[in-house]
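Right, one structure below, let's go through it.
All figures in this text were calculated on a predicted structure; none of them were measured in a lab. Note on naming: letters A, B, ... go to the chains in the order of the sequence lines (proteins, then strands), and numbering restarts at 1 for each one. Side chains included, hydrogens not; waters and symmetry mates left out as well; all remaining heavy atoms used.
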Amino acid sequence: MRWSNYYLMTAREAPRDAEVISHQLMARSGLIRRLAAGIYTMQPAGWRTMRKLMAIVRREMERAGAVELSMPAIQPAEIWEESERWYKYGVELLRMEDRHGRRFCFGPTHEEVVTDLVRRDVKSYRQLPINLFQIQTKFRDEIRPRFGLMRGREFIMKDAYSFDANEEGLDRSYRAMHAAYSRIFEACGLEFSVVEADQGAIGGSSSHEFMVLADTGESAVASCAACGYGANVERAEVGELPVPAPTGDEPAREVETPGTTTVAQVAELLGVEPARVVKTLIYDTDDGLAAVAIRGDRAVNETKLLNVLGGLGLRLATAEQVEAATGGPLGFSGPVGLAASLRLVVDESARKVAGFVCGANRGDRHFASVSWDRDVASARPIEWVDVMTAEASDPCPRCSAGELRLSRGIEVGHIFKLGTAYSEKMNCTFTDEHGRLHPAEMGCYGLGIGRTAAAAIEQGHDRDGIVWPAPLAPFAVVLSSLDPGDEAVRLAADSLYEELVDTLAPGGFDVLYDDRAERPGVKFKDADLVGFPVRVVVGARSLRNGGAEVSARRDGEREVVALDQVSDVVLGRLR
RNA sequence: CGGGGCGUAGCUCAGCCUGGUAGAGCGCACGGUUCGGGACCGUGAGGCCGGAGGUUCAAAUCCUCUCGCCCCGACCA
């Protein structure tokens, strides 16, 4: 491809709305152009990167036995009502009506469509397992799209869905996808880690996220260097925390604590460590109010809490709701004397605190030396749960040696075991060898194409621009002719271009020939900005020096190479 | 949805407070000088100052409404 005929326009400045580096560099290097919030055109060079990534994904998916198809983006409401997600998915589901008033949505994911397809085609265990995938445009009406391709409203995703006859089969399908994803991200040259994830609204029994590690990532990950445990912070467990020393069997007593509405204030006033204080939060849930108690030095993990309490959402109760539920003002709630009708869940970590301090459900009053068994459980039910947010340096939940480290990552892939959640609701059943009907065991596997490309830039860039991993670069090689007006240079560059194309094409490597009538500085800056892994420079000077100059974007290492050696050297650099 | 901010040339922005001829840099076109890390000089094209309404002799500027966009929070397959 000759740059003079191509469509690749670079810019010195990034658009004002570009906040993260990948967005800035994609915009500056002419890869993407914003059309509306979270909606982007893939310009030709950007689309080449997407196509390369999609080719890798296709190759590895097919190698893992998945079969490609293409499902509609527009989906009728009926199947979403069957799965009940028409009601549960919320505002992110872009709904619409056709001219007859029939209701549709623009698919954010395709469990319903694929389940509807398979239930019509698959009748027997002999037809299983099946794994169907597509690479397709999705739409999610994100509350806050941002960061360019990292969190768009319209975006390209590879989604796969497996159907098995039993759980063992699902395990196999899941492991095959796990392995395929690992190969994909390795092939892309990305540093990533696989962590346990929260299942969220999609449901199911198990899920893992593939995280590309980057400080700008939107997801927080907890991991243990000692044993390899890794989990999204939304889900991360915590090992045994040190417990404050027990205080003996002294009875609970009420103490005056004027104006102390925070754990820190109470702890200071009473001269105890915050871990000895148990804080009680009142949450407003789909099923009414619920009280949540946790050690005072720790934060509630609302994702875990939502999983415990059920429903679609929760929020902290208002001061009025707190007062109505507990009889005391906000800031003085506690488990002692709470109405038995009010649901009480307590984090396991608080269970081991003997003789704790808690709110008295009266203004300016706390209880001290409280015992769960003696003072709370005797009067009402308690649900012991894990709703704690993991923090850095917490003990690892899996091994005794390690401690948790928190880092940030970009979620580029997510795999789920769905089990029979959809197949039961949508009656996707097959006949087993004994003639009995069973719902299919399903898995679903998503991989963000644009997000992966953006993550590659977050991981690979420097002051001058993008440093692509070679497999994802729009072109593997840029050939810059510095003096296109000079007959000798032009002839040498032209023939070098032809030769490079011939030599590299069989290996799947492509060449962009910068034959533009631009000054050398412009060509160098553009080549660095767009980030072609290998650069070949031909100019009057290089010819005098004996040929062309070959250099690598990543380390800048240059060498002058005789013209007839250039293709071999370039090929060597790319492998 | 709550809080904050911004919409002026293709891009980045000034002008607005204190109403009176719409500006700069980059980019673009043409001419010239340059030519190995985003050159320089000259000339030029390019704007419903997001939209609507209002105040005023007069609105980019003041007021109201509205649309779009960004940030923080809430929320989040």
### Message
Check this one for me: any side-chain N or O of Arg519(A) less than 4.0 Å away from OP1 or OP2 of A39(B)?
### Response
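Result: yes.
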Only pairs with both distances under 3.5 Å count, Watson-Crick or wobble alike; so what is the partner of [N] in this structure?
| N | value |
| --- | --- |
| A60(B) | none |
| A14(B) | none |
| G44(B) | C28(B) |
| G19(B) | none |
| U55(B) | none |
| G7(B) | C67(B) |

Of the nucleotides [options], which has the atom closest to the [X] side chain?
| X | options | value |
| --- | --- | --- |
| Phe147(A) | A39(B), C71(B), G36(B) | C71(B) |
| Val522(A) | G37(B), A39(B), G36(B) | A39(B) |
| Leu482(A) | C69(B), C71(B), G36(B) | G36(B) |
| Ala37(A) | C76(B), C75(B), C69(B) | C69(B) |
| Arg558(A) | G36(B), C71(B), C69(B) | G36(B) |

### Among Tyr497(A), Phe532(A), Trp3(A), Phe475(A), the one residue meeting ring-ring contact (aromatic ring centres under 6.0 Å, His included) with Tyr513(A)
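The residue from Tyr497(A), Phe532(A), Trp3(A), Phe475(A) that satisfies ring-ring contact (aromatic ring centres under 6.0 Å, His included) with Tyr513(A) turns out to be Tyr497(A).
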Taking [M] as the reference, what is the distance to [N] when you measure between their [atom1] atoms (whole Å, please)?
| N | M | atom1 | result |
| --- | --- | --- | --- |
| G3(B) | G47(B) | C1' | 33 Å |
| G46(B) | A22(B) | C1' | 13 Å |
| G5(B) | G44(B) | C1' | 37 Å |

#### Entry: SB check Arg516(A) Asp526(A) (cutoff 4.0 Å)
yes
### Message
Over all strands shown, is Glu411(A) touching base, sugar-phosphate only, or nothing at heavy-atom distances under 4.0 angstrom?
### Response
nothing
### Task
Examine the base of G36(B) for any acceptor or donor lying under 3.5 Å from a partner atom in the side chain of Arg544(A), and report the outcome as yes or no.
no
Check nucleotides 3-5 of chain B for protein N or O atoms closer than 3.5 Å to its own N or O atoms and list the pairs.
none

### Task
Indicate whether the side chain of Tyr422(A) and that of Arg85(A) have a donor and an acceptor atom separated by less than 3.5 Å.
yes
### Message
Could you report the tightest heavy-atom contact between Ala440(A) and Phe163(A), atom names first, then the distance?
### Response
CB-CD2, 3.9 Å
Could you go over nucleotides 9-16 of chain B and give all protein N or O partners under 3.5 Å, atom names and distances?
from, atom 1, to, atom 2, distance (Å)
U12(B), OP1, Arg16(A), N, 2.6
U12(B), O4', Glu13(A), OE1, 3.4
U12(B), O2', Glu13(A), OE2, 3.3
C13(B), OP2, Arg16(A), NE, 3.2

